[in-house]
Amino acid sequence: MSEVTPRPGDPTITSALVAEHGLTKEEYERLIGMLGRAPTFTELGIVSALWSEHCSYKHSRPVLKTLPTTASYVLQGPGENAGVISIGDGLAVAFKIESHNHPSAVEPYQGAATGVGGILRDVFTMGARPIAMLNSLRFGSLDDSRVRYLFSGVVKGIGDYGNCVGIPTVAGEIVFDSAYENNPLVNAMCVGLMHEEDLIRAKAEGVGNPIMAVGARTGRDGIHGASFASEDLSAASDAKRPRIQVGDPFTEKLLLEASLELIKSGHIVAIQDMGAAGLTSSSAEMAERGDVGVTIDVTKVPTRESGMTPYEVLLSESQERMLVVARKGHEEEVRAILRKWDLTAAVIGEVIAELVYRVTEGERVVAEFPGSRLVTDCPTYSPDAREAPAIRDLRAADASVVPERAEEKDPAWTLEQLLSAPTIASKAWAYRQYDSTVRTNTVMGPGGDAAVLRVRGTNKAIAVKTDGNGRYVYLDPRVGGRIAVAEAARNVACTGARPMAITNCLNFGNPTRPEVFYQFREAVAGMAEACRALGTPVTGGNVSLYNESPSGAVYPTPVIGMVGLIDDLSHITRASFQRDGDTILLLGEMGGELGGSEYLATIHGEVIGAPPRCDVGREKAVIDALLEAIRSGVVSSAHDCSDGGLAVALAECCIGDRDCESGAEIDLSNYSSFSDRAILFGESQGRIVVSSSAPKRVLEIAQRMGVPCAQIGLVHRHSESLEITLPTGSMRSPLSRLSQAYHSTIPTVMARTPEHATFDELAPVAAH
């Protein structure tokens, strides 16, 4: 071990400084025990970042180990930059989802943009070319001007960054609920395509191999971004705006091409994004994976600001940077590739045999840790977990006894209210700001159950989707966790794809509170049950905790990113009704469950009742039956029943595609054991609306596979209404009214006053 001495000018380590760095007294004592001495200021900064919740997963790691992560086609599971699955023919898909919640709450444009940049780098560092972006966004009510500012800024940040890099944004979800008023959730997912032989891992190896910093130069932006993401939001959070990284998508595009060329060149053995905690995390994690030592000289790191200290260089989260382990003697070839793309490449250290993590400033050793203990010695916690009695009471409440409003005598009124609810209404206002067709692989883009992208040179396609429902998880976290996975699987299956694997982003509150840790533990347990039943292993993801503000925690919100495979392009299936005269069938049980529904929340302002049951075995059977019917060529369209229930699903089948609107005549009079509103707006799971020109064949497949299936109506392409017969009455909704409610709500709200139309115009009200 080398002698480490305090650096002139660095502050003295005090209990207040330790607390400011987010370490508990016990964690600081653990650090002293590991070093055998007091840490330097640089070492304190390193540990505060790597032992932050964002980097270390110290409250979630034991729980995450309960998730299924293996399958014959999983080439890379959790623990790397992204997961990778084989799709046959020597091809593989890399994918990952991550959060950028806290940065987006303070600086929405850059917070969202750099979230896109970071997740792109996670995928192309595996050797995959990004082919699609997705997102999952949650905000408070659009009635609030600050929420409109956040929403506009996030959408613009996502669009500008993805559009400039040239990666299509093809799918996602947007939810509005007061639970996210002061803490929006901004989750970004990337999907990439690669040859299996190009898979590379971020594992440092080869004693004497040089470590190189490539890409953009290092500045002071984003310092302690990882720590910022590991604390509750408060009134003081806006003062931490300097911790928000600043992205440059044009540099990202150059870095993407340079990195893929480096990987194919054979001149490097490992590559990793300098993401959260910057150079510190990338170098320490690569060393730990390879069980080797590394030494880094901060004076050799290319910087864009003068006078940067080791602390600043190590913890900067400046964007568009990579750390590379090159093959010894190939340094000039690496530099030549980076020069070709107008980027820098500098040798800043090397892999060493001595099992230490050492940082120098020229000749001075400013930080040194034994072995890989910097990563492995981070403490893990298993806090108390118990459900809040208030939530038990909410779940026990009988949703069916909520009295109807006078306006509900006309179910068409209720349907229009739901279609115009911002969570259900068309999100075209947002996704039309994204380029969804660049690279020309997009077969089905935003607005359907899932996006579909063809795999060039084959007859295959992949389907991708993000999904989640925080309200269900709030009321019953285990059931809600199951539903999150099952609904994502149904969405992918509705396009004709076999669900294969998931990535997840787990957005929860402060884990030290027993009721929050209970939600987290139970939701993960529910996800694990669904993944095992559906055969969709978890290949990686992200945990985002401390999503709280003075007003409380967000709904516990696990977001699922699902990837499925379509073996034959002829099996691609759309959500909207396609052919006049087709029979409409309901695959799955009616159920009539109103608990936790969008109907109760929107029409009555109530979040009560048990969420719908989720039998994961039945979910698997429904998906299998649907896919067999699709592959038999007898399905014209398929659409999942989710938010708003069967009535909303039917309306979306009629008017979701503005270029292909169809009327329909529906008969639900046989379901007399349920109330009309439960039939129309209950959100029972495992249901899919199917249209077919060969209904007997669909019914035969469903019966053989033990899945309930009923003929409920006919498609009338030239009709101008959706007509539904109910046990106690009927409703008729003109398509023009349904379309107006569904397609015009968000544009109308966002343009409520001229100054609220765009992010640039909204920026002056940001201080509201």
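Just so it is clear, the values below take in all heavy atoms, side chains as well, and ignore hydrogens, waters and symmetry mates.
Electrostatic pairing of Lys253 and Asp248 does not count as a salt bridge here, judged by no charged N lying under 4.0 Å from a carboxylate O. Between Arg364 and Glu3 there is no salt bridge, since no side-chain N of the basic residue sits under 4.0 Å from a carboxylate O of the acidic one. Taking the charged nitrogens against the carboxylate oxygens, Arg7 and Glu361 do have a contact shorter than 4.0 Å, which makes a salt bridge.
Under a 3.5 Å cut-off, the side chain of Ser544 and the backbone N or O of Ser99 do not form any donor-acceptor pair. Using modelled atom types, no side-chain atom of Arg327 and backbone atom of Val269 make a donor-acceptor pair closer than 3.5 Å.
Applying the salt bridge (Lys or Arg N to Asp or Glu O under 4.0 Å) definition to pairs two or more places apart or across chains, those involving residues 78-94 are Asp89-Lys460. Among pairs with a residue in residues 201-211, none fulfils salt bridge (Lys or Arg N to Asp or Glu O under 4.0 Å), at least two apart in sequence or across chains. Legend: salt bridge (Lys or Arg N to Asp or Glu O under 4.0 Å) pairs involving residues 430-448, not counting sequence neighbours: none detected.
Partners of Lys340 by salt bridge (charged side-chain N to carboxylate O under 4.0 Å, His left out), not counting sequence neighbours, listed by chain and number: Glu261. For Val543, the side-chain contact (heavy atoms from CB on, under 4.5 Å) partners are Tyr57, Ser60, Leu64, Leu506, Phe520, Leu545, not counting sequence neighbours. Residues forming a salt bridge (charged side-chain N to carboxylate O under 4.0 Å, His left out) with Glu173 (at least two apart in sequence, or on another chain): Arg138. The salt bridge (charged side-chain N to carboxylate O under 4.0 Å, His left out) test applied to Asp198 returns Lys264, not counting sequence neighbours. In this structure, the ring-ring contact (aromatic ring centres under 6.0 Å, His included) partners of His267, at least two apart in sequence or on a different chain, are His330. Residues satisfying the ring-ring contact (aromatic ring centres under 6.0 Å, His included) test with Tyr431, not counting sequence neighbours, are none. For Glu331, there are no salt bridge (charged side-chain N to carboxylate O under 4.0 Å, His left out) partners two or more places apart in sequence or in a different chain. Under the side-chain contact (heavy atoms from CB on, under 4.5 Å) criterion, Ala204 pairs with Met286, Val292, Val325, Val351, not counting sequence neighbours. Remark: Ala451 engages Val170, Ala171, Val464 in a side-chain contact (heavy atoms from CB on, under 4.5 Å) (not counting sequence neighbours).
The shortest non-hydrogen separation linking Arg321 to Ser316 is NH2-O, 2.8 Å.
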